[in-house]
Amino acid sequence: MGKKIIIVGGVAGGASAAARIRRLDPEARIIMFERGKHVSFSNCCLPYHLSGTVARSESLVLMTPERFLEQYDIEARVQEEVTAVDPEAKKVTVRDLKTGEDREEEYDKLILAPGANAIMPKAIAGIGRPHVFSVRNVTDIRAIKQYIDANHVQKAAVIGGGFIGIEVAENLNMAGVSVCVVEGSDQIMAPFDYDLVQILHKEMLDHGIRLCLSSLLTEIKEHEIVIKRGEAAETVQADLVIMSIGVTPETTLAQGAGLAIGQTGGILVNKNQQTSDPDIYAVGDAAEGFHRLLHRPGRLALAGPAQKQARRAADHICGGSDRDRGFIGSSCIRIFEQNAACTGLSEKAAKAAGIVCDFAYVMSPDKVGIMPDSHYLNFKLVFEVPTGRILGAQAIGRGAADKRIDVIASMITMGATLEDLKDLELCYSPVFGTARDVVNQAALVGLNLLNCRFCQVPVTMARNLVESNACIIDVREEGEFQAGHLKNAVNIPLSQLRRRMEEIPRDVPVYVHCRTGQRSYNAICCLQGHGYKNLWNMSGSFLGISLYEYFNDQTQGRTPIVTGYNFK
């Protein structure tokens, strides 16, 4: 009989480690303990049961204990909880949750994959009410669906605007429930920069979801919640409350066993996922990872990193070794008709880390414009100054945002620069993309900025420029200008620029924009060639500025700086 390996927890981390060990060691005895009812399920698909996109909750369960035993000779024991670890005796205490009986199990190697716990602040009055739920497993999502159906829920509040919270909000909306999302910061989807996330704000607003940003939940009542924004309190009708404000690593067993805890609150591990006890490993949401770009410990509660950690642990247990290259943070989400993806560092994250950086914000068709399903892709590429090293990117649009971000994730992993991305050869067909893809276009814009070919101002500055009556030149054609424009902009179409150049002053800063940035760049090159010096391209141009301003105009009642929004 081979060595005995006990795994605490299933899903992405524990189940992946178990399967890998079995492939490497046919003689090992592998026992996986899961305190819940399901040892392997698609936790990322959980919200989609609420809308019926995943019609049967049984479909969320990927592997049963019976199939683990039959296909892999792995003992998967559900509703059995490991309550204590004795590293010196190399034993765990296991409680059968169906009978309440305790027993001990010896191990040669132990893998901790207990996951993370949903944050449920006890300070919030009413947090224990029966209509308050979190979303962590199949049992949770079934309970939510049953509560909705049994109580004919019409109004729901989702607390937290992260990935799970937004997916829950979308699927509740699709099920006909009126939804309010309450988020403590000034935006949803924290990995995205504030300028791009306005597109997602607009998408949710357009689909009838109310967003209460910079708001904190203070009390949960029977049919309403109380939220506070600044000093003002407000009640919101809610027959159902979903708590999705984050998770904390489950380290109870590790701390009880005297294992070291890392800087971020996760279990401290080395490159092979070994804890401070060499016979105990930790993987998944409970373990501390390493941020490749920030060069410091971090945590990323996603299935991909968990599976990589599980493979490293399994390989080391079976006599191999691997290197931990760290994570960069790649993720994606669909929100109604918008696809959003990001990787690496956002502009705000890079600056918060003290990295000198700049960005290229471009809007380019995701495929050839005459194709009937061509749409603009909003793309932001963040790079280090002066090296041009690629730090991160974000993409939002109706097309293949994830495809573009996967390209950038690959480039970051290889340590690429703007020069490398500029020359990257990608597939091209009119139905898939353009001859110069948006990622190549962003690299070219980035190089122009890095090499001081032109200067830019971000979309966040547009309101200040309008309100200060700056000289703004709109180089779109007259019909486009009449359909919508910045209030004090002067329309000099690119097609008329050379013969109307003298209308543009030389003694003040001149801010140029078009619809997406391409024509304004050509206009700046023309003006520079005729001796103009103080020129600025407005990043994002009219479409980006409109998207940025729209949500705040709709929710804050401020005076619009745009006449006639046109997002097509």
Side-chain angles (χ1 to χ4, degrees), residues 192-203 335 337-342 346-347 358-371 373-383 392-405 407-408 421-422 426 432-449 454 456-462 472 474-477 480-481 483-486 489 494 511-524 536-551 562 564-568:
F192 291 82
D193 280 318
Y194 188 74
D195 48 7
L196 253 69
V197 87
Q198 302 305 325
I199 304 168
L200 303 181
H201 287 169
K202 177 183 182 299
E203 187 73 5
I335 303 178
E337 296 180 32
Q338 296 291 337
N339 303 315
C342 62
S346 63
E347 179 194 3
D358 202 349
F359 67 89
Y361 181 5
V362 300
M363 275 169 285
S364 179
D366 57 357
K367 55 194 67 174
V368 172
I370 59 175
M371 291 291 110
D373 57 346
S374 174
H375 300 285
Y376 280 116
L377 190 68
N378 299 267
F379 191 86
K380 183 173 183 178
L381 180 68
V382 183
F383 56 90
Q394 302 154 57
I396 301 177
R398 294 188 178 188
D402 58 330
K403 166 186 170 181
R404 274 67 184 206
I405 293 303
V407 169
I408 302 302
L421 182 58
K422 170 180 71 74
L426 299 170
F432 291 113
T434 57
R436 179 184 289 163
D437 194 80
V438 64
V439 298
N440 304 118
Q441 185 72 28
L444 293 170
V445 173
L447 284 168
N448 283 336
L449 291 167
F454 73 91
Q456 70 175 0
V457 292
V459 293
T460 54
M461 287 291 294
I472 300 175
D474 186 332
V475 298
R476 295 176 300 154
E477 294 303 308
E480 296 175 273
F481 183 82
H485 58 268
L486 297 181
L494 181 62
Y511 302 91
V512 186
H513 78 86
C514 61
R515 179 167 177 76
T516 63
Q518 185 177 27
R519 284 173 286 179
S520 58
Y521 170 61
N522 281 291
I524 284 178
W536 300 80
N537 198 15
M538 298 182 72
S539 174
S541 280
F542 181 72
L543 182 55
I545 294 167
S546 297
L547 288 166
Y548 178 80
E549 290 289 329
Y550 179 81
F551 176 75
V562 179
Y565 289 105
N566 182 4
F567 301 111
K568 294 181 180 179

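The analysis underlying the following values was restricted to heavy atoms, covering all of them including side chains, and did not include hydrogens, waters or symmetry mates. The first residue in the sequence is number 1, and the count goes up from there.
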Ala462 versus Ile545, closest heavy-atom pair with distance: CB-CG2, 3.8 Å

Aromatic plane relationship, His513 with Phe542 - under 30° parallel, 30 to 60° tilted, over 60° perpendicular: parallel

CG-CD distance between Asp358 and Glu347, expressed to the nearest 0.5 angstrom: 7.5 Å

Criterion side chain to side chain contact (heavy atoms under 4.5 Å, CB included) on Phe379 and Ile405, from CA distance to verdict: CA-CA 9 Å; Phe379 191 86; Ile405 293 303; 4.1 Å; yes

Spacing of CD belonging to Gln456 relative to CZ belonging to Phe359, to within rounding of 0.5 Å: 4.5 Å

Verdict with reasoning, Glu203 to Ile396, per side chain to side chain contact (heavy atoms under 4.5 Å, CB included): CA-CA 11 Å; Glu203 187 73 5; Ile396 301 177; over 6 Å; no

Rounded distance [0.5 Å steps], CG in Leu543 versus CE in Met363: 4.5 Å

Partner of Tyr521 under side-chain hydrogen bond (donor to acceptor under 3.5 Å, both in side chains), chosen from Asn537, Thr516, Asn448: Asn448

Verdict with reasoning, Thr434 to Gln441, per side chain to side chain contact (heavy atoms under 4.5 Å, CB included): CA-CA 10 Å; Thr434 57; Gln441 185 72 28; over 6 Å; no

Interatomic spacing from CG in Asp474 to CE in Met538 - rounded to 0.5 Å: 9.5 Å

Donor-acceptor under 3.5 Å (Gln338 side chain, Ile335 main chain): no

Which atom of Ala360 lies closest to which atom of Val445, heavy atoms considered: CB-CG1, 3.7 Å

Nearest-0.5 Å distance that lies between atom NZ in Lys367 and atom OG in Ser374: 7.5 Å

Leu377 CG to Asn339 CG distance, which is reported to the nearest 0.5 Å: 9.0 Å

Contact summary for Trp536 and Ile524, nearest pair of heavy atoms: C-CD1, 3.7 Å

More than 12 heavy atoms from other groups under 6.0 Å of CD on Glu477: yes

Candidate pair Asp437 and Val407, rule side chain to side chain contact (heavy atoms under 4.5 Å, CB included), full reasoning: CA-CA 11 Å; Asp437 194 80; Val407 169; over 6 Å; no

Closest contact, heavy atoms only, Ser520 versus Ser541: OG-OG, 3.8 Å

Heavy-atom check, side chain of Leu196 versus side chain of Tyr361, under 4.5 Å: yes

Taking every non-hydrogen atom, the tightest pair across Ala393 and Leu381: CB-CD1, 4.1 Å

Which atom of Val459 lies closest to which atom of Ser539, heavy atoms considered: CG1-O, 2.8 Å

Side-chain heavy atoms of Tyr376 within contact of Ser364, under 4.5 Å: no

Short side-chain to backbone donor-acceptor contact, Arg404 and Asp366, under 3.5 Å: yes

Phe432 atom CZ, neighbour heavy-atom count above 12 within 6.0 Å: no

Where at least one partner belongs to residues 393-402, residue pairs that pass side chain to side chain donor-acceptor pair (under 3.5 Å), sequence neighbours excluded: Asp193-Gln394, Glu337-Arg398

